Every structure is written in C-alpha cells, then in structure tokens.
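To start, the structure itself, in structure tokens.
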Amino acid sequence: MTNPNGRFGSHGGQYIPETLMNAVIELEAAYNRYKSDSQFQQEFISLLNDYGGRPSRLYYAEKMTAELGGAKIYLKREDLNHTGSHKINNVLGQVLLAKKMGKTRLIAETGAGQHGVATATAAALMGMECVVFMGEEDTKRQALNVYRMRLLGAEVVSVKSGTATLKDAVSEAMREWSSRISDTHYCLGSVMGPHPFPTIVRDFQSVISREARQQILEKEGRLPDAVIACVGGGSNAIGSFYHFIGDENVQLIGCEAAGRGIDTFETAATIATGREGIFHGMKSYFCQDQYGQIAPVYSISAGLDYPGIGPEHAWLHDIGRAKYVPVTDDEAVDAFEYLSRTEGIIPAIESAHAVAHAIKIAPTMPGKIIVITISGRGDKDCAAIARYRGEELYD
Amino acid sequence: MTKISEAFQKGKAFIPFITCGDPDLETTGRIVREMSKNGADIIELGIPFSDPTAEGPVIQAANIRALNGGITTDTIFDFVRDLRKDISTPLVFMTYANVVYSYGTERFVSRCAEIGINGIILPDVPFEEKAEFSSACEASGVNFISLIAPTSENRIAIIAREAKGFIYLVSSLGVTGTRSEIKTDLRSIIRIIRDNTNIPCAIGFGISTPEQAKKMAEIADGVIVGSAIVKLAAQYGTDASNPIGEYIATMKKSVLITE
C-alpha cells in the first residue's frame, strides 16, 4: 500500500524502480530518527547560521514601494546566503543526514547550477565525493556555475539525453543512483521526486518562512497580505509558504515560468498548462501531450525549466490555498533589470519571476504588505540576460 | 494458470523485448513474427516513453527513434490487434506509469485485454504503488508483472506472494543495458522467491550472450533480453527482422541446453 506519509492529497507517492525502494525507505527512517534528534538539529542550525550565513535579512524595499505606489514591499534575501541562493538550506540538511547515514558520495541534479554549486560546496566542507548531473544546454547557459562546481572539487556530468535540461539531469541522477546506492546519497534539490524527498526538502527549506514570519511581525507587528515566490520544482516557494499556510489571510502566490507565453509550446508553466501525471517518482501536474509523453518545456531561466511541480504545490493548488500564476521571459527580464536599477539588488532570473508578479499586483494593493522571496542572486545570469538584450559579453 | 505462466511449461522460457515503432511499426511487426517463429515464449513490447528513467542509452535511443516516427499508444493498440490475427505467443507491454495513467488506467487495461495483451510491466511502479494499476489488471484478466531487484532483500517475500504471471528478477543494479558480468547472488534471491510462490521467475537486465543466457536459465525459469536486441534493431533498421530472428534462435537454443 502507498505510504500515507508521502501523499499530499492524491499527489506524491513513490513511483520509482524497485531497485531504489529500500534506499528511500532507509532514507525516510534515518530522517525520522534525526528530525527529532536534538544534537542533529543543533548541528544543522549552526551550519545554517555560521556557514550558510543565516538568518537571511527581510529587507524593506523602500524605493520599489514608493515607485509602485501600492503595497509595502519586503524582500526575503535568500540571495545573501552562502553560495548565493536558498539551495544551501536544503543541501546542508541533506548532506549532514547523508553523513550520519554513513554515505561518502553525493550525487545531484542541477538546472541553473545553484543546487549543484550548493551540493559541491557542502561536499567540500564535509569531505565527500560529489558528482553533479547537468543538462548540456544548461552547462552552456550557466558556464560560470560549471566552473564553480569544478573548483569546489565536484565532477560535472553533462547530460545529452532528451532536451538536455533539468528534467534530463534528474533522470540521469536517478539512473546513476540505481546503479550505486550503498555509498551514495542522492541529494535532490527540490520538493519533488519520490517520498520522502518532497517532505525532507520542504522541512529544510521551511526556515525561510519561519524567519520571515517572525521578522515581519517584528517590523510591522502583523502578518503580510501576500507571499510571492518563483516555482520550478518549488523548493524556495514551499519554504517561503510553509509557516504561513495556517494563516488564512496570507495569500500564497507561486510564479511559474511561462517562457514565451502559456499559449505557446515554449513554456514551463505546469499548473497553467499541465495535467496530472506520474513522473520522476511522483504523482503531480506535468506538462505532457495527450499520450503522457513529457513535453519539452522552455524558459529563459534554467532553474524553472522543468515540466513538473512538487506534489505539495499540486495539492495547495487543488485545495485553493495557494495560487500559481505564469510569468513570461520578457516580464522576468524586465523585473531583473528593474530590481537591479531600483534597489541595487541583482536577483537570479528565477527570482525575477516573483518580482515581476509583485510589480503587477503591488499598485493595486495600497496599505497591504507583500513579501517577495529573492531566492538567489543574479550574477550567474548576467551574460545570458545581456545576450537576451542583444549584447555579447566577453571575459 | 494464466497464458503467461503456461508459456513456462515447455521448458526454460526465452523472453525477447522490442520497442514498438523502432523505426516503424511495419518493421516491429516483422520482428515480432520472427521472434515468435524462432522460439520466443513471451514477447515484451515496449511502448515508448519520452523519459524512460530505468533504461540505459540503447533503449533510450530506441524510444526516441520510435516517438520521432510519430507512434502513439493508440497506433500501438491497432498494431497489436492486427498482430493477434496470426501470432499466438503471449505478449506483454513494457512501458512507464505515465503512459498508462494519462490514457486512463482502466481504459488502457481494458484495451489491452480486448486486443490480446496478456501482461503489463511498469518499471516505475513498485509494490507500494501497484494497487491502482493491478486492481484494473485483475478485473480485466491482464497480469501485472512484479519486479524484484538485487536490493529488494526483506521485500522479496512480500512481492513474490502477490506476484502474477511471472516474476521479473532484475539481475543487476542500475538501468537496462548489456553487461560483461553479472555478480548478484541471484540463487539466494530465487530461493526466497521459491519459498513464497509457485509462479515462474525470469531474469533480465544485462544479458546478451548465449553463455550468459545459459547460466541464467540454469537458475531461473526464463531469460529476458532487451538491449542486445534493440542494438540489432538500431544497426539494421528496417532490415532488422532477419538478424534478430537468427539471434533469437541462438539464444533460445542456449536456454534449452540447460534442461
């Protein structure tokens, strides 16, 4: 019978080859044990704080607020974390867990390279071997991150199968894990895949909303009216939403990558254009054709260029607790430039999707408060955005 | 006894695999007929999936060739209905959960029963998630085939007890593809399977040579070969049916020698 702990409504589950079943069962058991182990939690918190640079700031974007002339805007600055994104939160937790489980080798998938860099970083810190799978297309879009991973001692495998992007990197990491399990932990980077990954990653990322909730109460004496985050698989979004889910008056808004638009085939907006399916270990919403063939999705953002969404988001969508909106490449690039110019903060192109939606709705929300999660910093994207604007950069 | 279990009654079974529509269904039709003529006891028909996570590079490439040829689940159903006019060898579909789920699981399975498919193998549906598929299969008289892996350990007995048709024993860790050596202690796994069920057990993954097939047939009831055949399909394209037929004959012979 399906493991009820791994379900979010009808979504989730463990749709993986039998070869991997004992590995995920073992992982769940270890996680349950260490989750309530105070020594583990202490080690994790000191890693997050002393190494990861937490807590991250909740910054009042005063100029942006004034310019948009509506809601008061706060930015949750995950871009200030060590390695430059929220990915380090999950990685430090998982790698610590893997170490306790006696694993000596880490494998990971990466899209934009942020999760790969975070995993390579934690591997270096903990003295573990690390192999990162990255779509060939993404190694080109994110060449700087490929170099960073190698610099950190990781091996980067360029994945040429399928569309050579994030979904293929996940497939290849799953294939690799099924061939070498005993010493290897698959450090999955988002709230997706088979149970227990969506739960583990969500718990490790929920530090974002735990801090943000407390910080906004300190600054404003009340909760925000909306929390906005970008969604690919959905790890920074679920982390940003989690501790607000019980606060019914806080709107939770996930921004999907619409690419060239949800009326085109060049999109990665899963909730807007997908339907329920089973892929990469989980039941959730996926972009697919009528026969269940996974669609070759597209977004300017390598980190959101994924045909599915985590099962907990699928459930939050089903029950209407969170809303998911599409944001196009054009809108994201405009927001990327806008935040850089207005606040002196260069956001990751992924995070710029969330900024873009805030720019749309803030003017209609006077007297309200919006928290936008800036999931990562945008240095990695500068060359690609320059190219998008017709400018070639040379080092 | 189901038609699949019966296929093991004539001695050790040889079970070849082919991806439907690689490179087109006319070729697949000729290949299946050659397989049947040359001693295949059960034939596994792959319905291609865009992202086959349990496959190595050889079968991944076959899936892409087939999908690029415009094949769909419906054209494969029509193809099998046509095959059934002259082929009586048991046929099982091998595909991925989403192909079945997106078609509508009950609708998919009842079409299978209607056109004469005897079993379904879904490598991404383990014991814990099988109910939503196997209940539809049972209602239609189609066998939902269970897989057991080298890592199954404490799970072997529970999987074996509920297995239908035959057990697909995965020989090695990792994905499909030929291997020079199979190191798993398969005898011990088969001993536990035998203690828990009477249904036959066939070994697959990594087998390509007659010597390997013979070794596997010594300990199991049947041998499954996929990638080695798909390699021939890739090499010979629309002319693949004869070389594949010859290969099947050689492999079947090596499997029978062990009797």
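Only a predicted model underlies this, so the values are computations on that prediction, with no experimental measurement involved.
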Task: Side chain / backbone / both / neither for B:Asp74 at chain A, heavy atoms under 4.5 Å - done: both
- [ ] Below 4.5 Å from any heavy atom of chain A, which atoms of B:Tyr101 appear? Answer side chain, backbone, both or neither.
- [x] side chain
Open item on the list: For the interface with chain A, which of B:Pro57, B:Pro52, B:Ala54 has the highest count of heavy-atom pairs at distances below 4.5 Å?
Closed with: B:Pro52
Task: Contacting moiety of A:Gln290, where chain B heavy atoms sit under 4.5 Å - done: backbone
Open item on the list: Taking A:Ile294's backbone N and O only, do any of them form a donor-acceptor pair with B:Ser50's side chain (distance below 3.5 Å, no angle check)?
Closed with: yes
Task: Euclidean distance, A:Phe279 CZ relative to B:Ser102 OG, rounded to 0.5 Å - done: 12.5 Å
Open item on the list: Heavy atom to heavy atom, less than 4.5 Å: which residues from residues 150-163 of chain B reach chain A?
Closed with: B:Thr151, B:Ser152, B:Glu153, B:Asn154, B:Arg155, B:Ile159
Open item on the list: If we ignore hydrogens and angles and just use 3.5 Å, is the side chain of A:Arg175 paired with the main-chain N or O of B:Gly174 as donor and acceptor?
Closed with: no
TODO: May I ask you to check whether over 12 heavy atoms, not counting those of B:Lys231, lie within 6.0 Å of atom NZ?
DONE: no
- [ ] Counting only heavy atoms closer than 4.5 Å, note whether B:Pro48 contacts chain A via side chain, backbone, both or neither.
- [x] backbone
Open item on the list: Looking at every heavy atom in both A:Ser171 and B:Asp51, which two are closest together, and how far apart are they?
Closed with: OG-CB, 4.4 Å
- [ ] Give, as side chain, backbone, both or neither, the part of B:Leu67 having an atom under 4.5 angstrom from any heavy atom of chain A.
- [x] side chain
- [ ] Mind listing the closest non-hydrogen atom pair of B:Asn98 and A:Gly277 along with its distance?
- [x] OD1-CA, 3.1 Å
TODO: Tell me, yes or no, whether the heavy-atom count around B:Asp185 atom CG, taken from other residues, nucleotides or ligands under 6.0 Å, exceeds 12.
DONE: yes
Task: Best-contacting candidate, A:Met21, A:Arg275, A:Glu172, against chain B by heavy atom pairs under 4.5 angstrom - done: A:Met21
- [ ] State, with a plain yes or no, whether a side-chain heavy atom of A:Ile25 is found less than 4.5 Å away from one of B:Glu128.
- [x] yes
Open item on the list: I'd like to verify something: which residue of B:Ile47, B:Leu147, B:Asp124 has the highest number of heavy-atom pairs under 4.5 Å with chain A?
Closed with: B:Asp124
Open item on the list: Is it the case that atom CZ in B:Arg194 sees more than 12 heavy atoms from other parts of the structure closer than 6.0 Å?
Closed with: yes
- [ ] Can you tell which part of B:Phe133 gets under 4.5 Å to a heavy atom of chain A, answering side chain, backbone, both or neither?
- [x] side chain
Open item on the list: So for B:Glu132, is it side chain, backbone, both, or neither that comes closer than 4.5 Å to the heavy atoms of chain A?
Closed with: side chain
Task: Flag if over 12 foreign heavy atoms under 6.0 Å of CD, B:Glu106 - done: no
Task: Portion of A:Asp168 that has a non-hydrogen atom of chain B nearer than 4.5 angstrom - done: side chain
TODO: Name the member of A:Met174, A:Glu176, A:Met1 that forms the most heavy-atom pairs with chain B at distances under 4.5 Å.
DONE: A:Met1
Open item on the list: I'd like to know if the side chain of A:Glu18 reaches the main chain of B:Ile148, judged simply by a donor and an acceptor atom lying under 3.5 Å from each other, with no hydrogens or angles considered.
Closed with: no
Task: Note, B:Val175 side chain near A:Ser178 side chain (heavy atom, < 4.5 Å) - done: yes
Open item on the list: With rounding to the nearest 0.5 angstrom, report the OG1 to NE2 distance, B:Thr53 to A:His280.
Closed with: 6.5 Å
Task: Where A:Gly292 and B:Phe49 come nearest, the two heavy atoms and their spacing - done: O-CE1, 3.2 Å
